[in-house]
> 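Take this structure first; my questions come after.
In what follows, chains carry the letters A, B, and so on, assigned in the order in which the sequence lines appear, proteins first and then strands, with residues in each chain numbered from 1. Worth knowing before you read on, the calculation uses all heavy atoms, side chains too, and leaves out hydrogens, waters and symmetry mates.
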Amino acid sequence: MTSRVEFLSRIRGEMAKTRGLFPARTAPRPAEPRAVAETLRRELAERWPAALERFRREFERVGGVFHRVGALVDVPQVVAGISRERDVRRLVAWDAQALGGDLLSALEARGLDPVAMPPGEVPEGERARLRQVVAQADLGLTGVDLAIAETGTLVVRSGAGRPRSTSLLPPVHIAVFDRTALIESLGQAGVFLEAWHRAEAPGEGAVVSFITGPSRTADIELTLTRGVHGPKEVHAIFVETPIHD
Amino acid sequence: MSEADLSVPFRQRAGGAMKDAHLQEALTIATTKFIGLRREAFADFPEGERLRDLAREIKEATLQSLDRYLEQLIDNVERLGGHVHYATTAEEARRVILDVARRTGARMAVKSKSMATEEIQLNEALEAAGITAVETDLGEYIIQLAHERPSHIIAPAIHKTKGQVAELFAKELKREVAADPEVLTRLARGELRDKFLRADLGITGANFAVADTGSIVLVTNEGNGRMVTSLPRVHVAVMGIEKVVPSMTDLMVFLQILAKSATGQKLSVYTTLVRGPRRAGELEGPDEFHLVLLDNGRIRQLAGTLREALYCLRCGACLNVCPVYRQIGGHAYGYTYPGPIGILLTAMLDGATAVTDLAHASSLCGACADVCPVRIDIPKMLVGLRRELDEKKLAPWTERLAYGMLARVLASPRLYRWAKPVARLLQRPFARNGAMRSAPLFGDWTRTRDLPAVAPLTFQERWKDLEREGP
């Protein structure tokens, strides 16, 4: 088996033979990404309506369904509407804290059968059981870490109380966000990724997912088909009153 | 013709593909559609050209410090609890993965689309070791059921009709379904969902790996990349060493142009950044994460003539615009990577002699370089390969003689002037309407195209007359 030392020294050996390379630099990175991210947030607090409009347009273009409500307490009504139209009831949701509020009783009152994901480490047997629950759920309710206007993309980070599968296994994914998650471009998303990396916290998961509309394929005769492995439908509910403040 | 057989000469493989009416139609429709989608995506994106320059520069800068970025990546992956393996050859990469599979008692592996695992022919090795390998990208799943290989980097089954897919599913899955992409996709979803939930091993490639964070980046539209990295208890990612990028900031530059070049999407549906195994508090994710760094001919090219091919993002844009690929499709090339970039990658992995014929399967029109998101000068490297092969004197003596004479004549104005009347005399029995349908010694040339005849009056000769006449 090749060792790390052998492998890297062969690379160095070949690199030493190169000549006349053109001067090249990597992309300029923000020195203080957290400060830049904060500045961006402040600026966006002013111009978010334009970003939201662009997000809606792009999100709908990729096949997403956009909703807008006044406050978090209005979310269960929208979710109940979606479940009624599809005649389904089983819902899995991020933990209340990750979601920004406890919506379970309100969802139950509207005839849904919701299960919240645990906020911390659970034993292996329980993990396997919960996986079955998620695999059989009809709806997955999550929060959003970033909503990118340029591409209509939802960015979600995995972690305690925010499993990867909530936005993946159920055929319908419903994501709730407010203007604090809204950014304008992929370039800005890069600043947040850098900032998150500098400020790692316990309970953080291993995955960041960019989700741009429902799962799709065009592998058979280039015919666009939705919901091949991931959700067939993605709903984004914009909440006017900031959720986490 | 569905599968290339390398014992059949390239010329015959290509000829067979060109006689396949269905393949011809499928290729025209697919490549034309991709070209249009890409064009529209960049037309709406004025920063695109600047970002392509930047992306090219980042690739070059990364290669210039490749050892440093790889070390950073390795350290980060290990710090996160992952394991890194080093594979000099395809054989070694297979061995590493089989060891992981055996040690963890894996019986079924689910795979998300990965050219690197095609390159090392992993599926055959897994099957031989008694491990079921399931391709989960719909296109890959179809061709796996059909026991074929991908015919396009990003659309592996474009050569198949929905009718053929329905027949295949009926035969392999014992389910009679309508030849409707929607219905066929739903059937595949059910079949594969079950496998995602049962598999022990998840195998992926990597579109990128971020040195600064230790993240492996997977770009998919179907969501299989997310499934494969979240549900099985072991995740193995196989990546060529050139896939590393320094930072998240660099990654975003590539993400802004990759999907636009490949499918014309602003962004693919899922971009998944995975850092090592499951963390405490997470409900799912693998217990073990393995990263296999693959050389397989790449390291040698760091100082080689094909260095620039190491920039390649595997977007497939150069396939769609290539007049040769559009005629013959992916299988006729006969190797893992088809199209213009595929010729270079084949030479990288298997050596220049593997592309003796393929190096000539290009009109050198330059369309590939125009669309390449990182502006790889593919034609220049193809010419370089041709030169390298020419020096090995592999061409027939007639061809070498003809080109040798031509080179002399074109290099000397005196010889050139003298050669014109001679050529006119010699070509007289064969030339009709300014072209020769056949001529002795030129049989190989004239079999598929006409040989232009020397004009009755060349431009040089006319110019002399015009000069004498004055303006």
> With a 4.5 angstrom heavy-atom cut-off, which part of B/Ala55 approaches chain A: side chain, backbone, both or neither?
neither

> Please flag which part of B/Lys162 lies under 4.5 Å from any non-hydrogen atom of chain A: side chain, backbone, both or neither.
both

> Which heavy atom in A/His229 sits nearest to a heavy atom in B/Thr136, and how many Å separate them?
NE2-O, 2.6 Å

> Heavy-atom pairs under 4.5 Å with chain A - which of B/His85, B/Glu57, B/Glu140, B/Gln301 has more of them than the others?
B/Glu57

> Check the surroundings of atom CD in A/Gln97: do more than 12 heavy atoms from other residues, nucleotides or ligands lie under 6.0 Å from it?
no

> Between B/Leu251 and chain A, which part of the residue has a heavy atom less than 4.5 Å away: side chain, backbone, both or neither?
neither

> Considering only heavy atoms and a distance below 4.5 Å, find which of A/Glu194, A/Met15, A/Arg4, A/Arg10 pairs most often with chain B.
A/Arg4

> Return yes when atom CZ of A/Arg61 has more than 12 non-hydrogen atoms of other residues, nucleotides or ligands closer than 6.0 Å, and no otherwise.
no

> What residue in B/Asp75, B/Thr62, B/Thr220 has the most heavy-atom pairs under 4.5 Å with chain A?
B/Asp75

> Only pairs of heavy atoms separated by less than 4.5 Å count here; which of B/Gln256, B/Glu71, B/Arg186 has the most with chain A?
B/Glu71

> A/Ser158 and B/Glu282: which non-hydrogen atoms are nearest, and at how many Å?
OG-OE2, 2.6 Å

> Under a 4.5 Å heavy-atom cut-off, does chain A meet the side chain of B/Arg307, its backbone, both or neither?
side chain

> Could you give the distance from CG (B/Leu70) to CD1 (A/Ile11), rounded to the nearest 0.5 Å?
5.0 Å

> At a heavy-atom separation under 4.5 Å, does B/Ala26 approach chain A through its side chain, its backbone, both, or neither?
neither

> Atom CG in B/Asp137, atom OG1 in A/Thr217: separation rounded to 0.5 Å?
6.5 Å

> Please rank A/Ser165, A/Ala218, A/Gly190, A/Pro231 by heavy-atom pairs under 4.5 Å with chain B and give me the top one.
A/Ser165

> Is A/Ser3 close to chain B through its backbone or its side chain, or both, or neither, when contacts mean heavy atoms under 4.5 Å?
backbone

> Could you report the tightest heavy-atom contact between A/Pro118 and B/Leu283, atom names first, then the distance?
CG-CD1, 4.5 Å

> Do the side chains of B/Pro156 and A/Asp219 get nearer than 4.5 Å, heavy atoms only?
yes

> Using heavy atoms and a sub-4.5 Å threshold, report which of residues 119-135 of chain A line up against chain B, by residue number.
A/Gly120, A/Glu121, A/Val122, A/Arg127, A/Leu130, A/Arg131, A/Ala135

> For chain A, find which of B/Ile74, B/Ile29, B/Ile142 contributes the most heavy-atom pairs closer than 4.5 angstrom.
B/Ile74

> Rounded to the nearest 0.5 Å, what's the gap from OG1 on A/Thr2 to CG on B/Leu293? Could you check?
11.0 Å

> Taking the side chain as every heavy atom from C-beta outward, state whether A/Phe7 and B/Asp67 have any pair of such atoms under 4.5 Å apart.
no

> Any non-hydrogen side-chain atom of B/Leu231 less than 4.5 Å from a side-chain atom of A/Leu169?
yes

> Tell me which of these, A/Arg12, A/Glu150, A/Lys17, has more heavy-atom pairs under 4.5 Å with chain B than the rest.
A/Arg12

> Which value, rounded to the nearest 0.5 Å, describes the distance between B/Met248 atom CE and A/Phe192 atom CZ?
14.5 Å

> For atom CD of B/Glu25, decide whether the heavy atoms of other residues, nucleotides or ligands shown that lie under 6.0 angstrom number more than 12.
no

> With a 4.5 angstrom heavy-atom cut-off, is it the side chain or the backbone of B/Val253 that approaches chain A, or both, or neither?
side chain

> Using non-hydrogen atoms only, which part of A/Arg19 is less than 4.5 Å away from chain B: side chain, backbone, both, or neither?
neither

> Should A/His197 and B/Arg275 count as side-chain neighbours, where that means a heavy-atom distance under 4.5 Å?
yes

> Quick check on the interface: out of A/Pro30, A/Gly230, A/Pro214, A/Ala206, who has the most heavy-atom pairs with chain B under 4.5 Å?
A/Ala206

> Looking at every heavy atom in both A/Phe22 and B/Gln64, which two are closest together, and how far apart are they?
O-NE2, 2.9 Å

> Under a 4.5 Å heavy-atom cutoff, which of A/Thr223, A/Leu224, A/Thr18, A/Thr26 has the most pairs with chain B?
A/Thr26

> Please identify, among A/Leu222, A/Val191, A/Thr151, the residue contributing the most non-hydrogen atom pairs under 4.5 Å to chain B.
A/Leu222

> Below 4.5 Å from any heavy atom of chain A, which atoms of B/Asp53 appear? Answer side chain, backbone, both or neither.
neither

> In terms of heavy-atom pairs under 4.5 Å, which option from B/Gly223, B/Gly139, B/Gly190 contacts chain A the most?
B/Gly139

> Roughly how far, to the nearest 0.5 Å, is CG of B/Leu138 from OG1 of A/Thr225?
8.0 Å

> Mind checking which of residues 265-272 of chain B sit less than 4.5 Å from chain A, heavy atom to heavy atom?
B/Gln265, B/Lys266, B/Leu267, B/Ser268, B/Val269, B/Tyr270, B/Thr271, B/Thr272

> From A/Leu168 CG over to B/Glu284 CD, what is the distance, rounded to the nearest 0.5 angstrom?
8.5 Å

> Indicate yes or no for a side-chain donor-acceptor contact from B/Glu182 to the backbone of A/Arg226 under 3.5 Å, with no hydrogens or angles considered.
no

> Which of the residues B/Gly276, B/Ala155, B/Ser230, B/Ala280 is involved in the greatest number of heavy-atom pairs with chain A at under 4.5 angstrom?
B/Ser230

> Can you find a pair of side-chain heavy atoms, one from A/Pro171 and one from B/Arg189, that are under 4.5 Å apart?
yes

> Quick one: what part of B/Tyr141 sits under 4.5 Å from any heavy atom of chain A, side chain, backbone, both or neither?
neither

> Sub-3.5 Å donor-acceptor pair from the side chain of A/Glu221 to the main-chain atoms of B/Ile158, do we have one?
no

> Identify which part of B/Tyr69 has an atom lying under 4.5 Å from any heavy atom of chain A, answering side chain, backbone, both or neither.
side chain

> Heavy atoms, side chains only, cut-off 4.5 Å: are A/Arg25 and B/Ile58 in contact?
no

> Search all heavy atoms of B/Ile299 against all heavy atoms of A/Glu14 and return the closest pair with its distance.
O-CG, 3.3 Å

> Got A/Leu193 and B/Leu273 here, is their nearest side-chain heavy-atom distance under 4.5 Å?
yes

> So for B/Pro246, is it side chain, backbone, both, or neither that comes closer than 4.5 Å to the heavy atoms of chain A?
side chain

> Under a 4.5 Å heavy-atom cut-off, does chain A meet the side chain of B/Arg193, its backbone, both or neither?
side chain

> Considering only heavy atoms from C-beta outward, does the side chain of A/Arg29 approach that of B/Asp212 to under 4.5 Å?
yes

> So, B/Arg226 side chain and A/Arg164 main chain: donor-acceptor pair closer than 3.5 Å or not?
yes

> Sort B/Thr89 into side chain, backbone, both or neither according to what part of it lies under 4.5 angstrom from a heavy atom of chain A.
neither

> Where the side chain of B/Arg95 meets the backbone of A/Met1, is there a donor-acceptor pair that is under 3.5 Å apart?
no

